[in-house]
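Just so you know, these numbers use all the heavy atoms, side chains as well, and skip hydrogens, waters and symmetry mates.
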Protein chains: 2
Amino acid sequence: MTFAATRPAPSDARLDATGAIDDFGAIGVRMVFAGGEEIYAQDEEACMIYRVIRGAVRTTRLLSDGRRQIGDFYYPGDLVGLESGAAHRFSAEALGDCEILVIKKSTLALYGEDGARLERLMWAATSRELERTQEHLMLLGRKTASEKVASFLLDMARRVRGDQVQLPMGRQDMADYLGLTIETVSRMVTQLQSAGLVRFDSCRRFQIRNRAGLEDMVVA
Amino acid sequence: MTFAATRPAPSDARLDATGAIDDFGAIGVRMVFAGGEEIYAQDEEACMIYRVIRGAVRTTRLLSDGRRQIGDFYYPGDLVGLESGAAHRFSAEALGDCEILVIKKSTLALYGEDGARLERLMWAATSRELERTQEHLMLLGRKTASEKVASFLLDMARRVRGDQVQLPMGRQDMADYLGLTIETVSRMVTQLQSAGLVRFDSCRRFQIRNRAGLEDMVVA
DNA sequence: CGTTTCATTGAGTGCGATCAAGCCGTGTGG
DNA sequence: CCACACGGCTTGATCGCACTCAATGAAACG
């Protein structure tokens, strides 16, 4: 099984227009980021929250010696940057070109009743974020490499309607999310494919061939 | 280096009296739990929150084949059980005898302005919880065994005033928190002690001998 | 067509897990 | 008071999963 790279086109973050999507109404500014661009930095003050409109985002944390951990991946509709009271523990980066609604937290207070409603939404989102992080904890602490990759692929498949799944991230990002090396991820993918559980059409596109079998790997 | 067991005395959970401590005022009921007793179960509906008054609590999650992950340890003043909207992802257990203030979430609404203030407190606590969990993520995903144990001991030492630290948990709990086996934890402790970084007077009591050296192990 | 970048594969290593004693402090009963 | 058993901790020997190092393959781009 051998697939190769797809490179994102580099470009500048551009201010676009005042955003206007469902829950967050006209609050905030829409921005466009190119693949790999930083949305906010680790240790930066956390005064904004970000909502993905199009594309995908990853949050990453770097150790001084270069080891990297990805906190989570975010997709259209998700809120990014809730993580903290003061400073961001992770940085956020565009994963391929994407469009982000940037909202200043302090402005929410100006919107009175609506602002309060949005704050409740943020709390709910923070709570869900915590749940996902706890699930991630279990995966990192107590699952084997093949279980990690199987869990990940199932999780990705859950997000889409059809059975074709398009991955917005490369193998290195998967590895840094799962606490593995890129080589191990690659081997596990090959192994899952050999076992007939999944089928990769290209390195970023797959379908599940045997959902029950895949779910059995994940234990519980 | 060889230390042995200290066994907790078994007893029943007893209802005590209506609690009355700082922020949460007279809301809630104080209860006493014996070491090892379950405070709430995995998958149980999450309608209560719990505040540690005395003793310590661990949250744990079990995989069907017995693998266990500890989410976090909680100490006096900490809120437990914020984790979720609907059902608890982890169970909570007393770690040695302890005293817990149990608060029904729905009653907070009855307290009007005060209730709203407490809800804000809960959000802040949820946010802090998320931060701690993210730190834990980094530890599980990208740190070595010795770094994990060193991080843990530093973290425990941060909680106390003097330089004598008393651990409320045994080696198995440390292992399940750090994503290691009990044997590896034991070896790393021995190793840190041989290196002159810490000194264990008994298996649950230690002091830091070389803080800078210990901090150097943790990378960043 | 060469370069670049990411993915896959192979060979060998090492860290942490597993299996198995042994140790120590505590509790129990003669 | 001592003998013994029990549970938690430590230590040793060995194993194996995932990492490391290295080479190759496959697409995208100038």
| On DNA chain D, nearest-nucleotide positions of Thr184(B) versus Ala145(A): which is more 5'? | Thr184(B)
| Donor/acceptor link under 3.5 angstrom from Gln172(B) side chain onto base of dC9(D) | no
| said: Please report the distance, rounded to the nearest Å, between CZ in Arg142(A) and P in dA18(D). | reply: 13 Å
| remark: Checking dC9(D), dG16(C), dT8(C) against the side chain of Ile182(B) (C-beta onward), the nearest is dC9(D)
| request: Nearest whole angstrom, please: distance from the P of dT18(C) to the CG of Leu180(B). | output: 11 Å
| said: I want to check something: taking the side chain as every heavy atom from C-beta on, are Val80(A) and Ile39(A) in contact at a cut-off of under 4.5 Å? | reply: no
| message | On DNA chain C, does the nearest nucleotide to Met169(A) precede the nearest nucleotide to Lys143(B) from the 5' side, or the other way round? Give the residue. | response | Met169(A)
| field | Parallel, tilted or perpendicular: rings of Tyr177(A) and Phe73(A) (30°, 60°) | value | tilted
| For Glu183(A) and dA11(C), what is the distance between atoms CD and P respectively, to the nearest whole Å? | 15 Å
| Are OP1 or OP2 of dC19(D) and a side-chain N or O of Thr181(A) less than 4.0 angstrom apart? | yes
| task | Send over the distance from Asp201(B) CG to dG25(C) P, rounded to a whole Å. | result | 13 Å
| query | Rounded to whole angstroms, how far apart are CZ on Arg67(B) and P on dC17(D)? | reply | 13 Å
| query | How about Leu180(A) and Val149(A): do any of their side-chain heavy atoms sit closer than 4.5 Å? | reply | yes
| said: I need the CG-P distance between Asp176(B) and dG8(D), as an integer number of Å. | reply: 13 Å
| Is Ile70(B) close to Glu93(B) at the side-chain level, that is, under 4.5 Å between some pair of heavy atoms? | no
| request: Report the residue from Asp176(A), Leu178(A), Leu140(A) that forms a side chain to side chain contact (heavy atoms under 4.5 Å, CB included) with Gln69(A). | output: Leu140(A)
| said: Just the rounded figure in Å: distance from P of dG8(D) to CZ of Phe200(B). | reply: 18 Å
| On a plain distance test, is the side chain of Arg204(B) in donor-acceptor contact with the base of dG8(D) below 3.5 Å? | no
| query | Between atom CG in Asp173(B) and atom C1' in dG8(D), what is the gap in whole Å? | reply | 12 Å
| request: Please tell me which of the listed nucleotides, dG16(C), dT18(C), dC19(D), lies nearest to the side chain of Arg187(B)? | output: dT18(C)
| message | At less than 4.0 Å, is any side-chain N or O atom of Ser186(A) found next to OP1 or OP2 of dT9(C)? Yes or no. | response | no
| said: Please confirm whether the shortest side-chain N or O distance from Thr190(A) to OP1 or OP2 of dT8(C) is below 4.0 Å. | reply: no
